[in-house]
Each structure stands twice: as structure tokens, then as C-alpha cells.
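Here the structure is a predicted model, which is why all the values come from computation and not from measurement. To find a chain, count down the sequence lines: A is the first, B the second, and so on, and within it residues start at 1. The analysis underlying the following values was restricted to heavy atoms, covering all of them including side chains, and did not include hydrogens, waters or symmetry mates.
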2 protein chains.
Amino acid sequence: MAKHLRLQIEEQLRERGLKITPQRFAILEHLAQNHEHPTADEIFNAINRQFPRASRATVYNTVAALAEAGLIETLCLDDGVIRYDANLTAHHHFICRRCRKILDVPGHAVRGKLAWRAPHQVESYEVVMRGLCRKCR
Amino acid sequence: MAKHLRLQIEEQLRERGLKITPQRFAILEHLAQNHEHPTADEIFNAINRQFPRASRATVYNTVAALAEAGLIETLCLDDGVIRYDANLTAHHHFICRRCRKILDVPGHAVRGKLAWRAPHQVESYEVVMRGLCRKCR
DNA sequence: CTGCGTGCAAAATGTTTGCAATGTG
DNA sequence: CACATTGCAAACATTTTGCACGCAG
């Protein structure tokens, strides 16, 4: 694991007043290196190889804490499963209707401006695209 | 209940080769008159007042069938709960970070065009906005 | 009449909670 | 050393499944 990633994760945790534990490390590292938007259970399985004693509850607690601290984002696109994403740069999502993969689309790949006529105060937005991904096309 | 809505629902069901049952009627009617994006359980509770013998399984079966037939859309925005929406006109969603309500935003209220640089074949897209709704602002 | 759709109960899945034990700061 | 965090198990919530019965076409 890259040392700078390690330091960066430590700093992020400290900044938010979260204690640095091996489990949180493992979860953040997994998410940082994996852009597949895993579910809590998938994280649990991945982590479990390193930490056979890790529990599901810890994964759920941890991702909730990390999400509240703003270190990761939650995602719930089509099925009723909550997924987690450590990609905090502005981006959108593309869901392939064939392979069901959820792919990141960088913010700058969506061009044009949106102007709201909605009578609400829009603070952020995300575009969810659906179709066929490059491989399935 | 408006008679034209009744006929419209019957026709939609027939078109898709679905049998016309009182339960399907009740579910579609509920969704058509209710823009709150209810969950399966909320539908179940609403339906149950009319049909005390209706079962949860029927609600789940029915919404799955209706969604597959394209009569309703499924929605899974932030929490891990699947919601259903009979609004088939082009529209987007606004989630209030205070009252947590999910509000429809008509398609024409989102102005501007989006151009994809993504290497995928985009067939449809939806914009999810977040912020404070009019009442909570 | 034929089979899809329903109701029921039980199982599978996904998530939360309570509490004692542990490890971080 | 204090307290947040962990692990475990059990509770809880949500969704799916199997099967017998009933109703729509």
C-alpha cells in the first residue's frame, strides 16, 4: 500500500475526530482502491481476508461513521442495496442495463449547465445515466 | 375515484397482458393519486384499509410485475428502501436534506442540455437534486 | 377450464442494537 | 486511564419463496 495513501487516510480520520483503527484503515483503503461501489457486505468480505475476526456490525458502524464525517458517500441506485464510494471528486454515475455495473463518469464529462426552475434551494445534484456501457454495447 | 382513471388503468393492464385484479387496481390507483413515492410497505398499509386480507407478498409481486411491464418506475434514492412512482412523465427528483421528502421536479424545470463525454451509450438519465425544499428553506 | 395471481407462512437477505471486551489517544 | 470502537449474538426490517386455493379470461 502506498505510504502517502496511508498518511492521507490517517490525516483525514484525525481531522474529523475519528480514532485511527486498523478496521477503518482497511475499509477506507479498500474503497480508495476499488471503484466498484461495493455494498457493506462486499466490504465485509474483502476486509475479512485481512481481519478474519472483523464483524459485519463493525463494517456497518464504520461506513456510517465515515459517511457522516464526509469521508465517503453513500449511493443507492437501482436495487435496494446501499453502496459506498470514496470518490469525493465531482462525478456522476452510469448504470449499464446489461451488466448492471455502476461506472463513474467524471463531472467534466457531463457538459452543459442546468438551470433550476424548481422552487427549492438546490445545493448539489447528481446525474444518473442508464444505457449500455462500452463493453456491453 | 374518477371513472377515466379506472378505465385508463384497465387498459394499461390489458395492453401489457396483465390480469385485472382488484389488488393491482388498488395499487395503481394509490400510486396514481399519491406522489409521495411510497415504499412497498407503505403501499401495503394503504391498500390494507380497503383489502384487509391483502398480503405483503402480493404487494411485492405486484409492484415487481408492474415495474417490469413499465407501468411504474422504481426509485432508490438515499436510504436503502425501494420506492415506487407512477409518474411516467419525464421528471427528476429533489430530496430535502431536512424533511427528507422526495419531490418531483418536472423535466422542463431542468433547463439546459447535457452532452456526454462518457464512453457509454446513454439511453436515459435522471437528475437527483439535494438541498432544502421550499417549506424547509 | 386453465393457469395466473393471491394469501399465508416461512426463509433469505440486509441492517441495527445491546453489551462486554478491547485498543486508541 | 477514559472512552470510543470492536466483536458477537440476537433483534429487527425488508424482500423473496413455496405451495394450496381462488378468480380472471
Side-chain angles (χ1 to χ4, degrees), chain A residues 6-7 9-28 30 37-69 71-72 74-84 100, chain B residues 6-7 9-30 37-69 71-72 74-84:
Chain A
R6 190 168 195 92
L7 292 174
I9 290 177
E10 279 196 18
E11 188 188 330
Q12 288 183 328
L13 286 173
R14 226 181 329 259
E15 267 178 12
R16 317 276 174 154
L18 295 174
K19 291 194 172 178
I20 298 173
T21 69
Q23 294 87 343
R24 285 176 177 171
F25 239 104
I27 289 174
L28 273 175
H30 178 71
H37 312 88
T39 66
D41 205 58
E42 285 164 356
I43 296 174
F44 169 72
N45 289 321
I47 299 306
N48 230 17
R49 288 183 223 119
Q50 299 176 47
F51 296 87
R53 298 178 52 83
S55 74
R56 280 186 165 73
T58 296
V59 174
Y60 281 98
N61 287 336
T62 301
V63 290
L66 296 177
E68 182 157 8
L71 290 182
I72 63 178
T74 69
L75 208 64
C76 186
L77 294 180
D78 48 349
D79 44 9
V81 188
I82 300 177
R83 298 169 176 283
Y84 298 92
R100 305 267 78 195
Chain B
R6 191 168 196 92
L7 292 173
I9 290 178
E10 279 196 19
E11 188 189 333
Q12 288 183 330
L13 286 173
R14 226 182 329 259
E15 267 178 12
R16 318 278 174 154
L18 295 175
K19 291 193 173 179
I20 298 174
T21 70
Q23 293 84 344
R24 287 178 177 172
F25 238 103
I27 290 174
L28 273 174
E29 182 191 4
H30 180 70
H37 312 87
T39 66
D41 204 59
E42 286 163 356
I43 297 174
F44 169 72
N45 289 321
I47 298 306
N48 230 17
R49 287 184 225 119
Q50 299 176 48
F51 296 87
R53 298 179 52 85
S55 74
R56 278 185 168 75
T58 296
V59 173
Y60 281 98
N61 286 338
T62 301
V63 290
L66 296 176
E68 182 157 7
L71 290 183
I72 62 178
T74 69
L75 208 63
C76 186
L77 295 181
D78 47 351
D79 43 12
V81 188
I82 300 178
R83 299 170 177 281
Y84 298 93

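Checking the phosphate oxygens (OP1, OP2) of D:dG7, a side-chain nitrogen or oxygen of A:Thr58 falls inside 4.0 Å. Contact between the side-chain N/O atoms of A:Thr21 and the OP1/OP2 oxygens of C:dG23 is not found at any separation under 4.0 Å. Applying the 4.0 Å criterion to OP1 and OP2 of D:dC23, one finds that B:Gln23 has every side-chain N and O outside that range. Residue B:Tyr60 places at least one side-chain N or O closer than 4.0 Å to OP1 or OP2 of D:dT15. A sub-4.0 Å separation between OP1 or OP2 of C:dA9 and a side-chain N or O of B:Ser55 is absent. Here B:Arg56 does not reach the OP1 or OP2 of D:dT15: none of its side-chain N or O atoms lies under 4.0 Å away.
The side chain of A:Thr62 lies closest to D:dT6, out of D:dT6, D:dT17, D:dG25. Considering only side-chain atoms of A:Ala40, the nucleotide from C:dG5, C:dT15, D:dT5 that sits closest is C:dT15. Nearest to the side-chain atoms of B:Asn61 among the listed nucleotides D:dA4, C:dT17, D:dT17 stands D:dT17.
Along DNA chain D, the nucleotide nearest to B:Pro22 and the one nearest to A:Pro52 differ in position, and the one closer to the 5' end is contacted by A:Pro52. Comparing B:Arg53 and A:Ile82 by the nucleotide of DNA chain C whose heavy atom lies nearest to each, the residue mapping closer to the 5' end is B:Arg53. With DNA chain C read from its 5' end, the first of the two nearest nucleotides for B:Gly17 and B:Ala57 is the one closest to B:Gly17. Checking B:Ala64 against B:Ile20, the closest nucleotide of DNA chain D that is more toward the 5' end is the one next to B:Ala64.
Atom CZ in A:Phe51 sits roughly 16 Å away from atom P in D:dT5 (whole-Å rounding). For the pair B:Arg16 CZ and D:dA24 P, the computed distance is 22 Å after rounding to whole Å. The distance between atom CZ of A:Arg14 and atom P of C:dT24, rounded to the nearest whole Å, is 13 Å. For the pair A:Lys19 NZ and C:dT24 P, the interatomic distance rounds to 9 Å; values are reported in whole Å. Atom CZ of B:Arg24 and atom C1' of D:dC23 are 12 Å apart (whole Å). Atom CD1 of B:Ile47 and atom C1' of C:dT6 are 14 Å apart (whole Å). Distance A:Glu42 CD to C:dG14 C1': 12 Å, rounded to the nearest Å. Rounded to an integer number of Å, the gap from B:Leu28 CG to C:dG5 P is 13 Å.
Residue-level contact check: B:Ala54 touches the backbone only, with heavy atoms under 4.0 Å from sugar-phosphate atoms and none from bases.
Of the candidates A:Val63, A:Ile9, A:Thr62, A:Leu28 forms a side-chain contact (heavy atoms from CB on, under 4.5 Å) with just one, namely A:Ile9.
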